[in-house]
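Have a look at the structure below before the remarks.
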Amino acid sequence: MHTPADAVLAAPLMLGYWPDHSLCAIFVDADHRVVLIMRWDADTEAALPALPPPATRDGLPHAVHLVAYTAPLVPGTSPAAPDPSAWRHAEDALRDSGVPHGWLLAAGRHGDAVLWTSGDAGAGGLAVRVIDATQVSRRAQCWGLTSWSDSRSDYVGDIATDPVARNRVAEKLRTLCPVMEEESRDAAILTVRDRLADQQVSAGEMAEMLVSLTDVQVRDTVLWDLMHGDPSRWHVIAPRLARLVAAAPDTHVAAPATLLAILRWQLGDGSRASAAVTRALTADPTYTLARLVDGCLATGMHPSVWRAGLAGLSREDCRRAA
(Lines give C-alpha, C1' and ligand atoms only; values in the text may rest on other atoms or scores of the structure.)
Protein backbone atom coordinates (compact mmCIF):
# COMPACT_ATOMS: atom_id res chain seq x y z
CA MET A 1 0.00 0.00 0.00
CA HIS A 2 1.94 3.00 -1.29
CA THR A 3 -0.56 5.77 -2.11
CA PRO A 4 -3.51 7.52 -0.44
CA ALA A 5 -5.78 5.84 -3.00
CA ASP A 6 -4.50 2.46 -1.77
CA ALA A 7 -5.36 3.49 1.78
CA VAL A 8 -8.89 4.46 0.72
CA LEU A 9 -9.44 1.04 -0.89
CA ALA A 10 -7.68 -1.04 1.75
CA ALA A 11 -10.38 -0.91 4.42
CA PRO A 12 -13.46 -1.75 2.31
CA LEU A 13 -11.63 -4.44 0.33
CA MET A 14 -10.14 -6.06 3.43
CA LEU A 15 -13.19 -5.61 5.66
CA GLY A 16 -15.31 -7.00 2.84
CA TYR A 17 -17.92 -4.22 2.88
CA TRP A 18 -18.20 -0.45 2.41
CA PRO A 19 -17.90 0.95 5.97
CA ASP A 20 -20.61 3.64 5.90
CA HIS A 21 -20.28 6.40 8.48
CA SER A 22 -17.08 4.91 9.89
CA LEU A 23 -13.55 5.79 10.84
CA CYS A 24 -10.83 3.30 9.98
CA ALA A 25 -7.31 3.19 11.37
CA ILE A 26 -5.01 1.35 8.96
CA PHE A 27 -1.71 0.25 10.50
CA VAL A 28 1.18 -0.51 8.14
CA ASP A 29 4.68 -1.89 8.63
CA ALA A 30 7.99 -0.58 7.30
CA ASP A 31 7.26 -2.13 3.88
CA HIS A 32 3.84 -0.41 3.73
CA ARG A 33 2.02 -3.72 4.18
CA VAL A 34 -1.22 -3.64 6.12
CA VAL A 35 -0.76 -5.12 9.59
CA LEU A 36 -4.14 -4.34 11.11
CA ILE A 37 -7.35 -2.44 10.35
CA MET A 38 -9.59 -1.11 13.11
CA ARG A 39 -13.06 0.27 12.40
CA TRP A 40 -15.55 2.10 14.59
CA ASP A 41 -18.63 4.24 14.02
CA ALA A 42 -17.66 7.83 13.25
CA ASP A 43 -19.71 9.21 16.14
CA THR A 44 -18.56 6.61 18.66
CA GLU A 45 -15.74 7.15 21.12
CA ALA A 46 -12.71 5.23 19.90
CA ALA A 47 -11.88 2.34 22.22
CA LEU A 48 -8.38 1.37 21.15
CA PRO A 49 -6.93 -1.67 22.94
CA ALA A 50 -3.24 -2.06 23.66
CA LEU A 51 -1.42 -2.69 20.41
CA PRO A 52 -1.33 -6.42 19.63
CA PRO A 53 1.85 -8.51 19.71
CA PRO A 54 4.03 -7.66 16.70
CA ALA A 55 3.19 -9.70 13.63
CA THR A 56 6.54 -9.04 11.95
CA ARG A 57 10.17 -9.02 12.92
CA ASP A 58 10.16 -5.26 12.58
CA GLY A 59 8.03 -4.99 15.73
CA LEU A 60 5.25 -2.45 16.05
CA PRO A 61 3.55 -0.85 13.02
CA HIS A 62 5.45 2.06 11.49
CA ALA A 63 2.50 4.30 10.64
CA VAL A 64 -1.25 4.57 10.93
CA HIS A 65 -3.52 6.18 8.33
CA LEU A 66 -7.00 7.46 9.22
CA VAL A 67 -9.84 7.33 6.68
CA ALA A 68 -13.42 8.58 7.16
CA TYR A 69 -16.03 6.78 5.06
CA THR A 70 -19.41 8.23 4.15
CA ALA A 71 -22.58 6.68 2.81
CA PRO A 72 -22.92 6.57 -1.01
CA LEU A 73 -22.79 10.09 -2.41
CA VAL A 74 -25.65 11.92 -4.08
CA PRO A 75 -24.85 12.79 -7.71
CA GLY A 76 -23.04 16.11 -7.91
CA THR A 77 -21.64 15.92 -4.37
CA SER A 78 -18.17 15.00 -3.14
CA PRO A 79 -16.74 13.69 0.14
CA ALA A 80 -16.83 16.29 2.88
CA ALA A 81 -13.53 17.43 4.31
CA PRO A 82 -12.74 15.58 7.54
CA ASP A 83 -14.08 17.51 10.53
CA PRO A 84 -11.19 17.80 13.03
CA SER A 85 -13.57 17.25 15.94
CA ALA A 86 -14.62 13.91 14.44
CA TRP A 87 -11.01 12.76 14.44
CA ARG A 88 -10.00 14.02 17.85
CA HIS A 89 -11.10 10.95 19.77
CA ALA A 90 -9.26 8.69 17.32
CA GLU A 91 -6.10 10.77 17.48
CA ASP A 92 -6.24 10.85 21.28
CA ALA A 93 -6.65 7.08 21.38
CA LEU A 94 -3.73 6.56 19.00
CA ARG A 95 -1.34 9.13 20.44
CA ASP A 96 -0.08 6.97 23.26
CA SER A 97 0.67 4.09 20.92
CA GLY A 98 3.73 5.88 19.60
CA VAL A 99 2.85 4.99 15.99
CA PRO A 100 3.38 8.00 13.67
CA HIS A 101 0.28 9.33 11.93
CA GLY A 102 0.16 9.14 8.15
CA TRP A 103 -2.60 10.27 5.79
CA LEU A 104 -5.90 11.80 6.90
CA LEU A 105 -8.51 11.06 4.23
CA ALA A 106 -12.24 11.07 3.52
CA ALA A 107 -13.97 8.88 0.95
CA GLY A 108 -17.42 8.17 -0.46
CA ARG A 109 -18.87 5.95 -3.17
CA HIS A 110 -20.41 7.43 -6.29
CA GLY A 111 -21.96 4.62 -8.32
CA ASP A 112 -19.18 2.14 -9.05
CA ALA A 113 -16.48 4.76 -8.46
CA VAL A 114 -14.92 6.06 -5.25
CA LEU A 115 -14.28 9.76 -4.58
CA TRP A 116 -11.76 10.79 -1.97
CA THR A 117 -10.07 13.87 -0.61
CA SER A 118 -7.25 14.65 1.78
CA GLY A 119 -7.71 16.36 5.11
CA ASP A 120 -4.36 18.08 4.96
CA ALA A 121 -4.69 19.94 1.65
CA GLY A 122 -3.13 23.37 1.37
CA ALA A 123 -4.84 26.74 1.34
CA GLY A 124 -5.81 26.25 -2.29
CA GLY A 125 -8.67 23.98 -1.22
CA LEU A 126 -9.38 20.28 -1.17
CA ALA A 127 -8.84 18.38 -4.39
CA VAL A 128 -11.37 15.60 -4.98
CA ARG A 129 -9.93 12.57 -6.75
CA VAL A 130 -11.71 9.68 -8.43
CA ILE A 131 -10.93 5.96 -8.36
CA ASP A 132 -13.01 4.45 -11.15
CA ALA A 133 -14.48 0.95 -11.17
CA THR A 134 -11.68 -0.42 -13.34
CA GLN A 135 -9.04 0.81 -10.90
CA VAL A 136 -10.96 -0.66 -7.96
CA SER A 137 -11.17 -4.03 -9.72
CA ARG A 138 -7.50 -3.94 -10.66
CA ARG A 139 -6.42 -3.17 -7.09
CA ALA A 140 -8.65 -5.91 -5.65
CA GLN A 141 -7.22 -8.42 -8.10
CA CYS A 142 -3.66 -7.34 -7.26
CA TRP A 143 -4.34 -7.94 -3.57
CA GLY A 144 -6.11 -11.25 -4.21
CA LEU A 145 -9.46 -9.94 -2.95
CA THR A 146 -12.98 -9.63 -4.25
CA SER A 147 -14.94 -6.38 -4.35
CA TRP A 148 -16.81 -5.25 -1.26
CA SER A 149 -20.45 -5.79 -0.32
CA ASP A 150 -22.72 -2.78 0.06
CA SER A 151 -23.04 -3.27 3.83
CA ARG A 152 -21.73 -5.37 6.69
CA SER A 153 -25.06 -7.15 7.03
CA ASP A 154 -24.83 -8.24 3.38
CA TYR A 155 -21.26 -9.41 3.85
CA VAL A 156 -21.88 -11.54 6.94
CA GLY A 157 -25.27 -12.73 5.74
CA ASP A 158 -24.07 -16.23 4.86
CA ILE A 159 -24.52 -17.27 8.50
CA ALA A 160 -27.98 -15.73 8.89
CA THR A 161 -30.43 -18.36 10.09
CA ASP A 162 -32.05 -20.36 7.29
CA PRO A 163 -35.45 -21.21 8.85
CA VAL A 164 -36.26 -24.05 6.44
CA ALA A 165 -32.88 -25.76 6.86
CA ARG A 166 -32.94 -25.19 10.63
CA ASN A 167 -36.33 -26.84 11.01
CA ARG A 168 -35.22 -29.85 8.98
CA VAL A 169 -32.04 -30.21 11.03
CA ALA A 170 -33.92 -29.78 14.33
CA GLU A 171 -36.26 -32.59 13.33
CA LYS A 172 -33.30 -34.89 12.64
CA LEU A 173 -31.62 -33.91 15.92
CA ARG A 174 -34.58 -35.24 17.88
CA THR A 175 -33.79 -38.75 16.60
CA LEU A 176 -30.11 -38.71 17.62
CA CYS A 177 -28.47 -39.57 20.92
CA PRO A 178 -27.09 -36.32 22.40
CA VAL A 179 -24.18 -38.02 24.19
CA MET A 180 -20.94 -39.03 22.44
CA GLU A 181 -19.44 -42.32 23.58
CA GLU A 182 -15.66 -42.76 23.75
CA GLU A 183 -15.65 -45.59 21.22
CA SER A 184 -17.51 -43.36 18.75
CA ARG A 185 -15.24 -40.31 18.87
CA ASP A 186 -12.68 -41.29 16.24
CA ALA A 187 -15.43 -42.17 13.78
CA ALA A 188 -17.20 -38.89 14.58
CA ILE A 189 -14.02 -36.87 13.95
CA LEU A 190 -13.53 -38.57 10.59
CA THR A 191 -17.19 -38.06 9.66
CA VAL A 192 -17.11 -34.33 10.42
CA ARG A 193 -13.94 -33.94 8.36
CA ASP A 194 -15.47 -35.89 5.46
CA ARG A 195 -18.67 -33.84 5.57
CA LEU A 196 -16.65 -30.60 5.46
CA ALA A 197 -15.06 -31.94 2.29
CA ASP A 198 -18.47 -32.61 0.71
CA GLN A 199 -20.11 -29.95 -1.43
CA GLN A 200 -23.64 -31.03 -0.52
CA VAL A 201 -24.66 -32.24 2.94
CA SER A 202 -28.16 -33.42 3.89
CA ALA A 203 -30.12 -32.26 6.93
CA GLY A 204 -29.49 -35.64 8.59
CA GLU A 205 -25.75 -35.38 7.98
CA MET A 206 -25.74 -31.83 9.36
CA ALA A 207 -27.52 -33.06 12.48
CA GLU A 208 -24.87 -35.76 12.96
CA MET A 209 -22.10 -33.16 12.59
CA LEU A 210 -23.74 -30.87 15.14
CA VAL A 211 -24.10 -33.64 17.71
CA SER A 212 -20.47 -34.68 17.16
CA LEU A 213 -19.18 -31.11 17.57
CA THR A 214 -20.91 -30.67 20.92
CA ASP A 215 -18.26 -33.07 22.22
CA VAL A 216 -15.21 -31.01 23.17
CA GLN A 217 -12.70 -33.70 22.21
CA VAL A 218 -14.26 -34.11 18.78
CA ARG A 219 -14.45 -30.33 18.28
CA ASP A 220 -10.85 -29.71 19.34
CA THR A 221 -9.44 -32.56 17.24
CA VAL A 222 -11.36 -31.35 14.18
CA LEU A 223 -9.94 -27.87 14.85
CA TRP A 224 -6.41 -29.30 15.17
CA ASP A 225 -6.84 -31.09 11.85
CA LEU A 226 -8.08 -27.91 10.17
CA MET A 227 -5.21 -25.80 11.49
CA HIS A 228 -2.62 -28.39 10.44
CA GLY A 229 -4.21 -29.08 7.07
CA ASP A 230 -3.65 -27.35 3.74
CA PRO A 231 -4.43 -23.61 4.25
CA SER A 232 -5.51 -23.37 0.62
CA ARG A 233 -8.52 -25.53 1.58
CA TRP A 234 -9.74 -23.07 4.22
CA HIS A 235 -11.42 -20.92 1.57
CA VAL A 236 -13.42 -23.98 0.51
CA ILE A 237 -14.25 -25.27 3.99
CA ALA A 238 -15.35 -21.91 5.45
CA PRO A 239 -18.51 -21.56 3.27
CA ARG A 240 -19.48 -25.14 4.15
CA LEU A 241 -19.14 -24.39 7.84
CA ALA A 242 -21.19 -21.23 7.25
CA ARG A 243 -24.03 -23.32 5.78
CA LEU A 244 -23.89 -25.56 8.85
CA VAL A 245 -24.10 -22.50 11.12
CA ALA A 246 -27.05 -21.11 9.16
CA ALA A 247 -28.91 -24.42 9.57
CA ALA A 248 -28.03 -25.02 13.23
CA PRO A 249 -30.57 -24.48 16.02
CA ASP A 250 -29.34 -22.28 18.85
CA THR A 251 -28.87 -25.37 21.01
CA HIS A 252 -26.10 -26.63 18.70
CA VAL A 253 -24.70 -23.56 16.93
CA ALA A 254 -21.92 -22.49 19.32
CA ALA A 255 -19.36 -25.12 18.27
CA PRO A 256 -19.56 -24.76 14.46
CA ALA A 257 -19.85 -20.96 14.72
CA THR A 258 -16.69 -20.82 16.84
CA LEU A 259 -14.80 -23.10 14.45
CA LEU A 260 -15.91 -20.85 11.59
CA ALA A 261 -14.76 -17.76 13.49
CA ILE A 262 -11.30 -19.27 13.97
CA LEU A 263 -11.04 -20.34 10.34
CA ARG A 264 -12.06 -16.94 8.99
CA TRP A 265 -9.76 -15.18 11.42
CA GLN A 266 -6.89 -17.28 10.08
CA LEU A 267 -7.93 -16.22 6.56
CA GLY A 268 -7.66 -12.57 7.63
CA ASP A 269 -11.44 -12.09 7.42
CA GLY A 270 -11.98 -10.30 10.71
CA SER A 271 -15.45 -9.03 9.80
CA ARG A 272 -16.97 -12.46 9.29
CA ALA A 273 -14.90 -13.98 12.10
CA SER A 274 -16.41 -11.43 14.48
CA ALA A 275 -19.92 -12.13 13.18
CA ALA A 276 -19.45 -15.87 13.67
CA VAL A 277 -18.18 -15.59 17.24
CA THR A 278 -21.04 -13.19 18.03
CA ARG A 279 -23.47 -15.82 16.73
CA ALA A 280 -21.86 -18.40 19.05
CA LEU A 281 -21.98 -16.16 22.12
CA THR A 282 -25.53 -15.00 21.44
CA ALA A 283 -26.62 -18.63 21.58
CA ASP A 284 -24.37 -19.54 24.53
CA PRO A 285 -22.71 -16.62 26.38
CA THR A 286 -20.71 -19.08 28.52
CA TYR A 287 -19.12 -20.98 25.62
CA THR A 288 -15.48 -20.93 26.68
CA LEU A 289 -13.75 -21.27 23.31
CA ALA A 290 -15.95 -18.56 21.78
CA ARG A 291 -15.13 -16.20 24.64
CA LEU A 292 -11.42 -16.87 24.13
CA VAL A 293 -11.62 -16.19 20.39
CA ASP A 294 -13.73 -13.07 21.00
CA GLY A 295 -11.01 -11.71 23.26
CA CYS A 296 -8.32 -12.43 20.67
CA LEU A 297 -10.29 -10.60 17.98
CA ALA A 298 -11.07 -7.65 20.26
CA THR A 299 -7.39 -7.08 21.01
CA GLY A 300 -6.33 -7.42 17.37
CA MET A 301 -4.18 -10.50 17.93
CA HIS A 302 -2.48 -11.51 14.70
CA PRO A 303 -3.63 -14.92 13.40
CA SER A 304 -0.05 -16.19 13.34
CA VAL A 305 0.18 -15.70 17.11
CA TRP A 306 -2.71 -18.13 17.56
CA ARG A 307 -1.06 -20.67 15.27
CA ALA A 308 2.25 -20.32 17.13
CA GLY A 309 0.42 -21.10 20.36
CA LEU A 310 -0.71 -24.42 18.86
CA ALA A 311 2.82 -25.47 17.95
CA GLY A 312 3.36 -27.44 21.16
CA LEU A 313 -0.09 -29.04 21.15
CA SER A 314 -0.28 -32.50 19.63
CA ARG A 315 -3.33 -34.09 18.04
CA GLU A 316 -3.32 -36.63 20.83
CA ASP A 317 -3.55 -33.79 23.37
CA CYS A 318 -6.79 -32.66 21.72
CA ARG A 319 -8.16 -36.15 21.29
CA ARG A 320 -7.51 -37.29 24.86
CA ALA A 321 -8.16 -34.04 26.76
CA ALA A 322 -10.46 -34.44 29.72
**OP:** Taking E205 for its side chain and S202 for its backbone only, find out whether a donor-acceptor pair lies under 3.5 Å.
**Re:** yes
Subject >> Pairs involving residues 193-217, ordered by first then second residue, that meet ring-ring contact (aromatic ring centres under 6.0 Å, His included) (sequence neighbours left out) >> reply: none
**OP:** Could you go through the side-chain contact (heavy atoms from CB on, under 4.5 Å) check for V64 and I26 one step at a time?
**Re:** CA-CA 5 Å; V64 57; I26 305 169; 5.8 Å; no
Original post:
Do V277 and L292 sit in the same hydrophobic cluster, where Ile, Leu, Val, Met, Phe, Trp and Tyr count as joined when their side-chain heavy atoms come under 4.5 Å apart?
Top reply: yes
**OP:** For atom CD of Q141, decide whether the heavy atoms of other residues, nucleotides or ligands shown that lie under 6.0 angstrom number more than 12.
**Re:** no
Original post:
Can a salt bridge be assigned to the pair R195 and D198 using a cut-off of 4.0 Å between side-chain N and carboxylate O?
Top reply: yes
Subject >> H252: ring-ring contact (aromatic ring centres under 6.0 Å, His included) partners, not counting sequence neighbours >> reply: none
Original post:
With sequence neighbours left out, which residue pairs that include part of residues 160-170 fulfil the side chain to side chain donor-acceptor pair (under 3.5 Å) condition?
Top reply: T161-R279
Original post:
When D158 is tested against each of R240, R243, R272 for salt bridge (Lys or Arg N to Asp or Glu O under 4.0 Å), which residue passes?
Top reply: R272
Subject >> Interatomic distance, I237 atom CD1 to S232 atom OG [nearest 0.5 angstrom] >> reply: 9.0 Å
**OP:** Look at the side chain of S22 and the backbone N and O of Y69, then say whether any donor-acceptor pair between them is shorter than 3.5 Å.
**Re:** no
**OP:** Report the C-alpha distance between L289 and R219 in whole Å, list the side-chain angles of each, state the deciding distance to 0.1 Å, and finish with yes or no for side-chain contact (heavy atoms from CB on, under 4.5 Å).
**Re:** CA-CA 10 Å; L289 184 58; R219 179 203 69 188; 3.6 Å; yes
**OP:** Please report the shortest heavy-atom distance between A7 and V67, naming the atom on each side.
**Re:** O-CG2, 4.1 Å
Subject >> Nearest-0.5 Å distance, CE of residue M301 to CG of residue L36 >> reply: 12.5 Å
**OP:** With sequence neighbours excluded, give me every ring-ring contact (aromatic ring centres under 6.0 Å, His included) pair touching residues 183-202.
**Re:** none
Original post:
Of all heavy-atom pairs between C318 and T221, which one has the smallest distance, and what is that distance?
Top reply: C-OG1, 3.6 Å
Subject >> For R138, side chain to side chain donor-acceptor pair (under 3.5 Å) partners two or more places apart >> reply: none
Original post:
How long is the span from the CZ atom in R129 to the OG1 atom in T3, to the nearest 0.5 Å?
Top reply: 10.5 Å
Subject >> side-chain contact (heavy atoms from CB on, under 4.5 Å) between I189 and D225, intermediate numbers included >> reply: CA-CA 9 Å; I189 293 165; D225 288 344; 4.0 Å; yes
Subject >> Set of ring-ring contact (aromatic ring centres under 6.0 Å, His included) partners for H228, sequence neighbours left out >> reply: W224
Original post:
Within a strict 4.5 Å, meaning less than it, do heavy atoms of the P19 and C24 side chains meet?
Top reply: yes
Original post:
If we only count heavy atoms from C-beta on, is the S271 to Y17 side-chain gap below 4.5 Å?
Top reply: yes
**OP:** Could I get the full list of ring-ring contact (aromatic ring centres under 6.0 Å, His included) partners for W234, not counting sequence neighbours?
**Re:** none
Subject >> Note, H21 side chain near T70 side chain (heavy atom, < 4.5 Å) >> reply: no
Original post:
Within the side chain of T282, is there an N or O that forms a donor-acceptor pair under 3.5 Å with the backbone of T278?
Top reply: yes
**OP:** Only counting residues at least two apart or in another chain, list the ones meeting side chain to side chain donor-acceptor pair (under 3.5 Å) with S153.
**Re:** S151
Subject >> Non-hydrogen atoms of D269 and L15 that approach each other most closely >> reply: OD1-O, 4.5 Å
**OP:** For E182, enumerate each residue passing the side chain to side chain donor-acceptor pair (under 3.5 Å) test, keeping only those at least two apart in sequence or located in another chain.
**Re:** R185, R319, R320
Original post:
Has Q200 got more than 12 heavy atoms of other residues, nucleotides or ligands less than 6.0 Å from its CD?
Top reply: no
**OP:** For P249 and A170, work out which heavy atoms get closest and say how close.
**Re:** CG-CB, 4.1 Å
Original post:
Quick one: are L66 and L23 in side-chain contact, heavy atoms under 4.5 Å?
Top reply: no
**OP:** Kindly write out the residues that satisfy ring-ring contact (aromatic ring centres under 6.0 Å, His included) with H32, not counting sequence neighbours, or none if the list is empty.
**Re:** H2
Original post:
Hey, what do you get for CG (L263) to OG1 (T258), rounding to the nearest 0.5 Å?
Top reply: 12.5 Å
Subject >> Over all atoms of both residues, closest heavy-atom pair of V253 and A283 >> reply: CG1-CB, 3.4 Å
**OP:** For residues 143-190, pull every pair meeting ring-ring contact (aromatic ring centres under 6.0 Å, His included), keeping only residues two or more places apart or in separate chains.
**Re:** W18-W148
**OP:** Taking the side chain as every heavy atom from C-beta outward, state whether H62 and D31 have any atom pair closer than 4.5 Å.
**Re:** no
Original post:
Counting distance only, does the side-chain N/O of S274 pair as donor-acceptor with the main-chain N or O of G270 below 3.5 Å?
Top reply: no
Subject >> Hphob cluster co-occupancy, V201 + V236, side-chain heavy atoms under 4.5 angstrom >> reply: no
Subject >> Minimum side-chain heavy-atom gap L241-L259 below 4.5 Å >> reply: yes
Original post:
Is the shortest heavy-atom distance from the side chain of V28 to the side chain of V35 under 4.5 Å?
Top reply: no
Original post:
Distance from S137 atom OG to D132 atom CG, nearest 0.5 Å?
Top reply: 10.0 Å
Subject >> Point-to-point distance, once rounded to the nearest 0.5 Å, from CG of L115 to CD1 of I131 >> reply: 8.5 Å
Subject >> Which atom of K172 lies closest to which atom of A207, heavy atoms considered >> reply: CB-CB, 3.7 Å
**OP:** Look at the side chain of D194 and the backbone N and O of T191, then say whether any donor-acceptor pair between them is shorter than 3.5 Å.
**Re:** no
**OP:** With the side chain counted from C-beta on, respond yes when L310 and R307 share a heavy-atom pair under 4.5 Å apart, and no when they do not.
**Re:** no
Subject >> ring-ring contact (aromatic ring centres under 6.0 Å, His included): pairs with one or both residues in residues 262-297, sequence neighbours excluded >> reply: W265-W306
Subject >> Derivation of the salt bridge (charged side-chain N to carboxylate O under 4.0 Å, His left out) call for D150 and R109 >> reply: CA-CA 10 Å; D150 286 339; R109 284 187 299 160; 3.0 Å; yes
Subject >> Short side-chain to backbone donor-acceptor contact, D215 and Q217, under 3.5 Å >> reply: yes
**OP:** Check the pair M14 / L9 against side-chain contact (heavy atoms from CB on, under 4.5 Å), numbers first and verdict last.
**Re:** CA-CA 8 Å; M14 294 182 183; L9 297 180; over 6 Å; no
